[in-house]
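Only one structure is covered here, and it is reproduced in the block below.
Keep in mind that this is a model prediction, so the values were computed, not measured. Chain naming here is simple, since letters A, B, ... match the order of the sequence lines and numbering starts at 1 in each.
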Amino acid sequence: MSFRVEQDTNSPVNTCNIVIDEEMSIYTIGALKRELSEVLNIYDAFQFDLAGIEDFDSTGIQLILSLKQEIIRLNKQFTVSSVSEAVSKVLTLYGLKDNFSGVGEGIGEV
Amino acid sequence: MSDDHLQVFSEETEDLLGLAEQALLSLDDLENEADTLDCVNDLFRTFHTIKGAAGLFGLDPIVDFTHIVESVLVKIREGEFGVDDDLVSLFLLSRDHLEKLVEHALNGEESLTTELEAKNLELVTKLSIYLGESSESIASQRAGIVTGELHLTEDDDTLGVLNENWHISLRFGPSVLKNGMDPISFITYLSKIGELQSVVLIDDALPSWDQLDPETCYLGFEIKLIATDADTSKETIEDVFEFVQDDCIINILPPHSHISDYIKMIDSLPEEDMRIGDILVACGALTSHEKENALNAQDKITDDVIAAGTAQKAPPLGKIAVEQQTVQQEVVDAALRKQSKLKQQKANSQQSIRVNALKLESLVNLVGELVIGSANSELNARRLGDANLNEAMENLLRLVEEVRDTALGLRMVQIGETFNRFKRVVREVSLDTGKDIDLQISGAETELDKTLIEKIGDPLMHLVRNAIDHGIESPIDREAAGKPLKGTVKLGAFHDSGSVVIQITDDGGGLSKEKILNKALEKGLIHENQILSDQEIYRLIFQAGFSTADTVSNISGRGVGMDVVRKNIEALRGHVELESEVGVGSTISIRLPLTLAIIDGFQVRVGDAHYIIPLEMVDECIELNDTLRGDDDKANYVNLRGEILPFMHLKDMFGDNSLSENTEQGDATEKYRDNIIVVRFAGKKAGFMVDELLGEHQTVIKPLGEVFQNLRGISGTTILGSGEVAMIIDIPEMVNRVVNSDKQNYVPSKSIH
């Protein structure tokens, strides 16, 4: 798993790009949640780039769903900028594509 | 699965197959459409139950075959085609085949024999013709079945939802992910079974971020699936979730499931009902109207439950349905009637218990010994002459007698079931012969010893077939004779002086005496100038190798039947007789003893030997004193109140050496105070002269050894209280002997008034 948080200096709000690569599965999900928890309070808007994920399972879905809920609860912005094929596949299978619409064209592209 | 369970399955299936046969046969007679539908529903249920049970045991050939039969029944139920004779015959054959399949399965054999396989294929092909092209609807019916969960309601169709697809509801257990399984793979696999029409992820259980344990599974799904293969069974889908089924909530609803199933499902799910309702609508499982219905119904249940203060007891489905106004009251009433009928049957079956026949037999044997033992005690008590002891003995004897009657009563079963089996026979034979036959059954409630009933089946079968094949004329002949075209065969049973009479009557052509005589002459059974009574002529047809049918059909006429019938019946200590009138019909009467084990006997003494005469056959006892005794010592009939009563000295019959010495000593008069016992059998009376009347005796019949098999006039033995052996006189044989003894030698005695 690789996990990067980049501050988006172009955005008017305190936005960050979170890039998660390689893996978002049960093996790494615990660590990922800890890392994400640390940044949740720092920024006001979150943009997730999931284009680099090759391994994505139900824990990933759960985490994303919960994350989205939490960010919205905190009155912050949640967007997914792009997803990999692996992620897209699961989203399609779970009928969740629409849930992440308006987030970016990334979903449709892959 | 243990043998015990299989045994239960076997017994149940046997009962069910019996029910199926009855339903099929009654299907034949029904004119009225509603009744026919009822009957088809009965059949459907019966086959359905067999299928469910077989499914539980993994008896696939049975499940598969029943399924096809059931599918055809569904078609009938849906009104796609009516029931005709061919179809009933096909169902009957299917029923028989099923019986064989069950038997085969119970023998523990996995694969079918080639013979069964061939039969299977043949029937399946025939049944498939009725199924036509639309196999989907059948597949949809199939699903509910395999789980062994049986719906008994009539209104499946009325209450089925519009959804034509499978609905699968999943709530994964928390540890699924940790156990290395992923819902993704299950759903992906489902997509191989069919097209995933919609998948709705249920994340309601997902906790807030802080509470979230990322490795715990919180997911649920509502899935709508169109099965690619119309034959997809619930099992196939269940198998997908085999590894997770223990800690997951899985509901699989086949297409057009009952709305009640949805209600049940909604109940089982953790989410709020309204939410589920919306989800179900969202994924297309229910229309919003159906959802409303289901939820309202469910609210109603909850209300009722609260009101009644009882926990979780749902009102009957019918009630909900009516309240919803989705079905009419009468439909529900009909369904409820059906259900209560079923319950009634179930209740009836619960009132009886199945007991191993061997246990029953040993009980009867023990009671027999008890009877003998008590006779012995009684004898000794009487000898002691103690009043108290005698009184206690009387009491004991009365109880023993009651125990005996009850024990014997345990083996008594009604003959009706045996009779009902003949409906099938009559149907088949009349189809084969092209004769229209009506079978009338009377006295079905007559009780008979079970062993007798089992053994009488085959002879009866012969006789009934004979009656149809030989007795009833072809429709053309009947018309010519001015008889109704439909022939009638009556099967009846009734009690008559200690025996049971079973009668088979037909209104056919009757037996031609001439024909019988000619045939008998031809076969060398009689001499040309022999004069025979009507009875004797008719009795000829019970001789081996005798058949009056001009043509030998495949049903009867080979002449092996009647003599075997007679032998079988005589082996049961029974008798068979025939009466016939040309052009009017024939009646065959089979007379059987009520029971084979213990009888009430009348004990007599002839010389030093004791004999028993079955009490039911004893008419009266007369003292033959000097005023009555004829002048001739060899007298062998008396005038009994104007009737001729032939009699016989039992001493002459059985011989008696021991007393000849006494006679010579002139002690005769006291020893020979002659008594005549008048016995009656099958309308004939005869007397037996004995030395002493000893009175009633409970007689446990002990069969004679093989050496004595051919001994005439003795039907068995018994042990007396004193330990002595007494012979039981075979009254039917003896009466015939007395009545038919050479009439030329009649020597009259004085008359008795």
#### Entry: Nearest heavy-atom neighbours spanning B:L177 and A:Q62
CD1-NE2, 3.7 Å

### Query
Quick one: OG1 on A:T59 to CD on B:E215, what's the gap to the nearest 0.5 Å?
8.0 Å

### Query
Got a second to check how far B:D203's CG is from A:I64's CD1, nearest 0.5 Å?
13.0 Å

### Message
I'd like to know if the side chain of B:D182 and the backbone of A:D57 have a donor-acceptor N/O pair within less than 3.5 Å.
### Response
no

### Ring-face cation of A:K33 near B:W209 (centre distance under 6.0 Å, axis angle within 45°)
yes

#### Entry: Atom pair OH (A:Y94) and CG (B:L196), whose distance is rounded to the nearest 0.5 Å
11.5 Å

### Query
CG/B:L206 to CG/A:L65 distance, rounded to the nearest 0.5 angstrom?
6.0 Å

### B:F221 versus chain A, the contacting section by heavy-atom distance below 4.5 Å
side chain

### Query
For B:I184, is it the side chain, the backbone, both, or neither that has a heavy atom closer than 4.5 Å to a heavy atom of chain A?
both

### Task
Side chain from CB out, backbone as N, CA, C, O: work out which of these in A:F56 comes under 4.5 Å of a heavy atom of chain B, or both, or neither.
backbone

### Task
Answer with side chain, backbone, both or neither: which region of B:S191 has an atom nearer than 4.5 Å to a non-hydrogen atom of chain A?
neither

### Task
I would like to know whether B:V199 and A:L93 meet side chain to side chain contact (heavy atoms under 4.5 Å, CB included); could you show each step before the answer?
CA-CA 7 Å; B:V199 177; A:L93 188 69; 5.7 Å; no

### Task
Starting at OG of A:S58, measure out to CD1 of B:I187 and round the result to the nearest 0.5 Å.
7.5 Å

## Note on the structure
Ranking A:I71, A:L40, A:L67 by heavy-atom pairs under 4.5 Å to chain B gives rank one to A:L67

### Query
If you round to the nearest 0.5 Å, how far is CD1 of A:I26 from SG of B:C217?
9.0 Å

### Task
Name the option with the most non-hydrogen atom pairs under 4.5 Å to chain B; the candidates are A:G30, A:S66, A:G60, A:G95.
A:S66

### Message
Quick check on the interface: out of A:Q69, A:K89, A:E70, A:R73, who has the most heavy-atom pairs with chain B under 4.5 Å?
### Response
A:E70

